[in-house]
Amino acid sequence: MLMESLLIALWAGIIGIDLYVGLTHIHRPVVTGLVVGLILGDVTTGLIIGGTLELIWMGMVPLAGAQPPNVVIGGTIGTAFGIILGEDPQAAVGLAIPFAVAVQGLITLLFTSFAPLMHKADKFALDANHRGIEGINYLGVTILFVFNAVIAFLPIYFGAQQATVLVESVPEWIIGGLSIAGGIMPAVGFALLLRIMMKTEYIMVFIVGFVLAAYLEMPILAISLIGLAIALYDFYQNRDKQGPDNQSPQGEEITDGI
Amino acid sequence: MASNYVYEDQTKAEELQPKQLRHLVWRSLLLQASFNYERMQAAGWLYSILPGLRHIHKNKKDLSKSMKDNMEFFNTHPFLVTFIMGVILAMEGNKEDRETIRGIKVATMGPLGGIGDALFYLTLLPITVGIGASLAIDGNFLGPIVFLLMFNIIHFGVRFGLMTYGYKTGVKAIEKLKAGTKLISRAASIVGLTVVGGLIATYVAFQIDYVWVQGESELNIQTDVLDQIMPAMLPLAYTLLMFWFLKKGRSPLTLIGITVIVGLLGSYLGIM
């Protein structure tokens with residue numbers, strides 16, 4: 001069983017990367033079903049369970065930062081348990097879902113704990129240190145691999161029962177709290193952006209954008225088109241005011257350069 | 001006196017060759033390698049365009065400025081990112097005003113994010129994976145293979161196509177927009193901040209989940225009180241609070257810590 005568990009863990013690590021990096025979608029359960037089936041020597045059952053899990057995850061896609069139950073762990077553990085325990089596909093799904101939900105909580109934690117590294121990255125950027133920036137990204141890929149491989153290995157090697165007990169022992173409020181914090185976190189990013197871009201004269205359009213989204217629930221594309229309309233109006237108003245001088249900026253720029 | 005937003009070295013960079021652009025498309029696969037909730041794809045974005053920036057900015061100070069700018073918050077759809085890469089690299093190569101570059105980047109990332117979700121996650125994926133799954137359920141091993149082939153031919157076609165298209169569009173658009181970089185920078189900031197205003201209401205998920213019961217009557221704090229005053233009030237208020245903290249000189253790290261505590265407290269008390 002050790003060999004099979006290790007191979008499945010290796011696959012989980014690879015597709016754990018693919019879920020965020022690469023996105024060739026080898027991480028979909030329909031593919032995992034085939035691969036785990038090959039590893040465990042039962043391709044047909046693997047395909048059937050994979051296809052069934054696929055139908056469940058089909059509607060669960062990462063939209064606008066919202067995270068569905070983890071498809072990597074759900075797919076690998078679901079298929080592996082289904083084949084090993086001889087469960088029918090539906091029961092395999094029931095076994096896989098708690099893991100998939102718990103793992104998504106952990107991913108929230110992972111994405112939160114990676115934020116401090118961005119300040120390290122700022123320093124690398126300031127020093128024009130390209131190796132530093134690359135290192136941080138390679139570190140991220142490595143963490144994704146190890147994280148998914150370990151999580152897939154443990155329950156398959158030690159057995160479904162113990163693993164389920166362990167997952168259920170984590171207080172729900174911690175997983176819930178982390179995912180709430182994950183939802184609020186983009187506010188910090190937007191605040192950083194505002195700090196750089198905001199000028200008093202732009203408050204008007206900021207309010208417009210907010211109202212269009214919050215009250216009228218317009219999609220972002222519509223909002224950006226309205227922003228563009230305002231920008232075009234503003235652009236031509238100002239250009240016309242400049243009158244015949246409007247060619248001058250080019251000239252100024254050249255002298256500036258010298 | 002040179003403005004803070006202008007690159008020191010104003011000589012236009014040599015154009016990026018198709019081979020270099022293709023190399024950058026491969027790097028764009030790592031867009032989300034360092035994904036996190038504070039800057040989202042920022043470091044992966046910088047990673048993706050980095051060889052391009054190094055080719056463009058031979059002046060070390062300019063490279064540092066440009067890298068710093070491109071470490072700012074970034075989030076878009078990972079398949080469509082190559083279009084933004086192309087446009088931004090064309091602008092960087094032309095040594096545009098840094099504020100203009102930032103404005104264009106912020107203005108394009110939001111809409112492309114929405115378009116990408118609709119195109120790929122809500123259309124392409126369900127169709128291709130649906131075909132694959134239906135074959136797989138019948139025990140046919142071609143299911144996964146057919147799915148991967150169909151999905152990735154379109155996936156990589158889009159990535160490579162948009163890179164070239166974005167770069168060419170960027171170069172051409174810049175030529176046309178020569179007149180008055182100040183005005184263009186201003187226009188870009190206007191679009192950018194409209195989008196940021198909209199993104200705050202859309203992306204920041206901050207809700208109170210608490211019903212106040214007094215005898216027979218129930219009062220849902222979120223839908224009956226807060227939403228009545230103003231929808232998305234908490235996301236806006238929280239973002240502005242963070243903005244204020246930043247202005248007071250608090251580090252973003254502190255703000256992340258505060259946010260985690262808010263989430264855990266809200267969950268523990270059962271009010272979020």
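The sequence lines fix the lettering, A, B, ..., with proteins before strands; numbering per chain opens at 1.
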- Message: Test side chain to side chain contact (heavy atoms under 4.5 Å, CB included) on N70(B) and W45(B); report intermediate values, then the result.
- Response: CA-CA 7 Å; N70(B) 284 299; W45(B) 158 261; 2.9 Å; yes
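- Listed options D122(A), V31(A), L228(A) were ranked by heavy-atom pairs under 4.5 angstrom with chain B; first place goes to D122(A).
- For Y236(A), the OH atom sits in a loose shell: 12 or fewer heavy atoms of surrounding residues, nucleotides or ligands are nearer than 6.0 Å.
- Listed here is the closest heavy atom pair of G198(B) and T202(B): O-OG1, 2.6 Å.
- More than 12 heavy atoms of other residues, nucleotides or ligands sit less than 6.0 Å from atom OH of Y215(A).
- Interface remark: of the candidates S34(B), A187(B), G132(B), A201(B), S34(B) forms the most heavy-atom pairs closer than 4.5 Å to chain A.
- Residue with the most contacts toward chain B among V30(A), L221(A), T142(A): V30(A) (heavy-atom pairs, distance under 4.5 Å).
- Contacts with chain B (heavy atom to heavy atom, under 4.5 Å) involve these residues of residues 42-50 of chain A, listed by number: T44(A), L47(A), I48(A).
- A133(B) approaches E54(A) most closely through the heavy-atom pair CB-CG, 3.8 Å.
- With a 4.5 Å cut-off on non-hydrogen atoms, L232(A) does not touch chain B at all.
- Of all the listed residues (H57(B), K68(B), R27(B)), the one sharing the greatest number of non-hydrogen pairs under 4.5 Å with chain A is K68(B).
- A salt bridge does not link E8(B) with K95(B): every distance from a Lys NZ or Arg NE/NH1/NH2 to an Asp or Glu carboxylate oxygen is 4.0 Å or more.
- The most heavy-atom pairs under 4.5 Å with chain B, out of I223(A), L192(A), V208(A), come from L192(A).
- For chain A, the nearby part of F79(B) is the side chain; its heavy atoms alone come within less than 4.5 Å.
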- Hey, mind stepping through Y37(B) and T259(B) against side chain to side chain donor-acceptor pair (under 3.5 Å) and telling me if it holds? CA-CA 11 Å; Y37(B) 286 123; T259(B) 308; over 6 Å; no
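- With respect to chain A, the highest number of heavy-atom pairs below 4.5 Å among M272(B), M242(B), H155(B) belongs to H155(B).
- Ring geometry for F206(B) versus Y238(B): interplanar angle over 60°, hence perpendicular rather than tilted (30 to 60°).
- E217(A) does not touch chain B: none of its heavy atoms, backbone or side chain, sits under 4.5 Å away.
- Checked against the 6.0 Å centroid threshold, F156(B) and W26(B) count as a close aromatic pair.
- Interface residue Y138(A): only side-chain heavy atoms are found under 4.5 Å from chain B.
- Inter-residue side-chain proximity for I107(A) and F111(A) is flagged as met; some heavy-atom pair is nearer than 4.5 Å.
- Of the residues considered (A191(A), G140(A), A121(A)), A191(A) shows the highest number of contacts with chain B, using heavy-atom pairs under 4.5 Å.
- Both the backbone and the side chain of L264(B) come within less than 4.5 Å of a heavy atom of chain A.
- In terms of non-hydrogen atom pairs under 4.5 Å with chain B, the most contact-rich of T112(A), L23(A), I230(A) is L23(A).
- The residue among F243(B), F74(B), F245(B), F141(B) with the most heavy atom pairs within less than 4.5 Å of chain A is F243(B).
- Heavy atoms of F147(B) lying under 4.5 Å from chain A belong exclusively to its side chain.
- Both the backbone and the side chain of N137(A) come within less than 4.5 Å of a heavy atom in chain B.
- Interface residue L246(B): backbone and side-chain heavy atoms are both found under 4.5 Å from chain A.
- Between F35(B) and Y20(A), the ring planes lie parallel to each other; the angle is under 30°, not in the 30° to 60° tilted range.
- Salt-bridge formation is not detected for the pair K58(B)/D9(B): no Lys NZ or Arg NE/NH1/NH2 atom is positioned less than 4.0 Å from an Asp or Glu carboxylate oxygen.
- Residues L234(B) and Q207(B) have side chains not in contact (no heavy-atom distance under 4.5 Å, counting atoms from C-beta outward).
- Your options are L212(A), I203(A), T24(A), L34(A), and the one with the most heavy-atom pairs under 4.5 Å with chain B is T24(A).
- Contacts of I115(B) with chain A are made by side-chain atoms alone, with heavy-atom separations under 4.5 Å and no backbone atom involved.
- P219(A) does not touch chain B: none of its heavy atoms, backbone or side chain, sits under 4.5 Å away.
- A salt bridge is defined here as a Lys NZ or Arg NE, NH1 or NH2 lying under 4.0 Å from an Asp or Glu carboxylate O, and E72(B) with R102(B) meets this definition.
- Only the side chain of V262(B) comes within contact range of chain A, with heavy atoms under 4.5 Å apart.
- Interface residue F151(B): only side-chain heavy atoms are found under 4.5 Å from chain A.
- We find that E96(B) and K12(B) are not joined by a salt bridge, their nearest charged nitrogen and carboxylate oxygen being 4.0 Å or further apart.
- L193(A) touches chain B through its side chain: at least one heavy atom from C-beta onward sits under 4.5 Å away, while N, CA, C and O do not.
- Interface remark: M198(A) contributes backbone and side-chain atoms alike to the contact with chain B (heavy atom separation under 4.5 Å).
- For the pair R186(B) and F235(A), the cation-pi criterion (under 6.0 Å, within 45° of the ring axis) is not fulfilled.
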